[in-house]
Structures are given as structure tokens and as C-alpha cells.
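Structure, as C-alpha cells:
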Amino acid sequence: MLTKADIKLVRSLEQRKFRRSEGLFVAEGPRLVGELLGHFECYKLFATGEWLQANTTSEVHSTEAVGERELSRLSLMQTPNQVLALFAIPPEEVPSEPVGLNLVLDSIQDPGNLGTIVRLADWFGVEHIWCSPTTADVWSPKVVQASMGGIARVRVHYLDLVPFLETQQSRLPIYGTSLNGDSLWSQTLTENALVVMGNEGNGVSREVESLCRHKLFIPNYPATRTTTDSLNVAMATGIMLAEFRRRQF
């Protein structure tokens, strides 16, 4: 039976401080929950009878059958969809040194953008994303939903970017996106690198940009045509990652 305590707990997880104190995050919908069940410890699962009949929940600590009306009271989405799960936030596992292609996010604030970037990283085989402390929380419900399961395979770390990049300068090329950079299409791109993407409104901060030895710009077409002043950061990330990976074929 759905209780007021259940509703209060789920609602509280919209806020970062409660996600951290409870050690839990929310995921909703058959596809996303099914994706995450094999990767994260499931504290509690609320689902319709139809979903429970079609799925195994042996690895779930606690399962609650609910009707669609009850699920709508519990859900953080406008249109609830069969199942909502509370998963344990895993302990932070930071690699000793970045390897391969990595993303660095400087104050990405929109949860939808961050979730989409995690999804893109998953698609293009980027296993680690390094974020400034001012970047949106990866365990936010909106980020989790937008990642479409990417959080199961992509590790997201939060740290002060300046000292981190300073220690990496001698190890990996650092590429930064900039409206004043050189054309992405004409630059040498390496298989192992750190690719910095900046804030939605202000781009890469001055301190971080000073550590980017290679500044890249995604040119509009044709160059003489008047266009919008910039691309959405998630869209730009997709183009960047696609070009880095294309060079490897």
C-alpha cells in the first residue's frame, strides 16, 4: 500500500540535499528502470500489476504494487509510466588518471543538457565525464531521465577543474570549445584527449580556457550567412564527439 511516507520520500529526492542524505535517486518508466536494474542497487520499486507480471524483481529490496492513480501521486513526471524505482547512489570511484577520450563540463546548469550529454557520451564510448562543482547534479531526476540509461555506463565526477586540468596538461591534449577557436574540421584531433564544453550562456570560463591548448569552433554554413549566435551545448557536444570518433575510422 502506498503511504504518505513513500510520497514524501520520492518528492524529497527532487532536491540534491535529500538525494545525498538518503543516498538515493529516482528513475521512471519501463525502459529506463529495466536498464538500470542490472547496474544499481534498487532500494524500492513501485509498479503496476501489468509491469510486475512481465518483469522479474528478484534483485529489488522492496516491491510495491500500485495502481495508475497511485503511481500518478508518486511520480515526478507529467505522464507516469508503469514503474518508478529508487536506486542507491553508488560510491564515487575516481580513476587514478584519465584515459581515452574524456569530456570536461564547465558549469553546465540545465539538467536536460547534462542528461543528454551523458547519453551522448554513452553512445560514443566516453566512459568518464569530469564536471565543475557548479555543474548540475547527475542524480537529479531530470538528468537521470534524459540520460536514457547512459548513467549505467558513464561515470560522472565532480572536482575543481583548474587544478585537475593543470595536472593533465603534460599527459593529454586539452581541447576547449570557443567561438574564437579554429575550425573543428581542419584541426588535428587525438584519440586520447580531454574535451571541454562550457556553460550554456557564458561558455568556458576564463580560468579553464587558459588551460585549453587547442581551441575548437564548430563553423556555421555557409560562413557568410547570418545565423543564431551559438549552438545548444548538448548539440555541440554531439558534433564534437562524432568528429573525434570519425577521425579514428
### Query
Are a donor atom and an acceptor atom from the side chains of S72 and S75 found within less than 3.5 Å of each other?
no
### Query
Hey, does V60 have a side-chain heavy atom less than 4.5 Å from the side chain of K44?
no
### Close aromatic pair by centroid cut-off 6.0 Å: F244 and F124
no
### Query
Got L76 and V26 here, is their nearest side-chain heavy-atom distance under 4.5 Å?
yes
#### Entry: Partner set under side-chain hydrogen bond (donor to acceptor under 3.5 Å, both in side chains) for E92, not counting sequence neighbours
H157
### Task
Kindly determine whether E70 and R73 satisfy salt bridge (charged side-chain N to carboxylate O under 4.0 Å, His left out), including the steps that lead there.
CA-CA 5 Å; E70 289 180 304; R73 293 176 60 203; 5.5 Å; no
### Query
Residues in salt bridge (charged side-chain N to carboxylate O under 4.0 Å, His left out) with K215, at least two apart?
none
### Query
Does CD in E50 sit with more than 12 non-hydrogen atoms of other residues, nucleotides or ligands closer than 6.0 Å?
no
### Cationic N near anionic O, under 4.0 Å, E243 to R246
yes
### Query
Is it true that atom CD of E97 has more than 12 heavy atoms of other residues, nucleotides or ligands lying nearer than 6.0 Å?
yes
#### Entry: L13 side chain reached by F25 side chain, heavy atoms, under 4.5 Å
no
### Qualifying residues under ring-ring contact (aromatic ring centres under 6.0 Å, His included), relative to Y158, sequence neighbours excluded
none
### Message
A quick test of your reading: do over 12 heavy atoms of other residues, nucleotides or ligands sit less than 6.0 Å from CD of E68?
### Response
no
### Query
How many angstroms lie between atom CE of M235 and atom CD1 of I239, to the nearest 0.5 angstrom?
7.0 Å
### Task
Taking all non-hydrogen atoms of both residues into account, name the closest pair between L231 and A236 and its distance.
CB-CB, 4.3 Å
### Message
So does T190 get a backbone contact from the side chain of Y175, meaning a donor-acceptor N/O pair under 3.5 Å?
### Response
yes
### Query
Would one find more than 12 heavy atoms of other residues, nucleotides or ligands at under 6.0 Å from atom CZ of R31?
no
### Query
Got a sec: does the CZ of R213 have more than 12 other heavy atoms crowding it under 6.0 Å?
yes
### Query
Heavy-atom count around Q187 CD within 6.0 Å, excluding the residue itself: above 12?
yes
### Task
Decide whether V154 and V138 are clustered together by the hydrophobic rule: side chain heavy atoms of Ile, Leu, Val, Met, Phe, Trp, Tyr closer than 4.5 Å, transitively.
yes
### With sequence neighbours excluded, residues passing side-chain hydrogen bond (donor to acceptor under 3.5 Å, both in side chains) with R153
E35, D122
### Summary
S140 meets the side-chain hydrogen bond (donor to acceptor under 3.5 Å, both in side chains) criterion, sequence neighbours left out, with none
### Message
My understanding is that a hydrophobic cluster links ILVMFWY residues whose side chain heavy atoms are under 4.5 Å apart, including indirect links. Using that, what else belongs to the cluster containing F164?
### Response
V94, V104, W130, L159, L161, V162, L165, L172, I174, L194, V196, V204, V208, L211
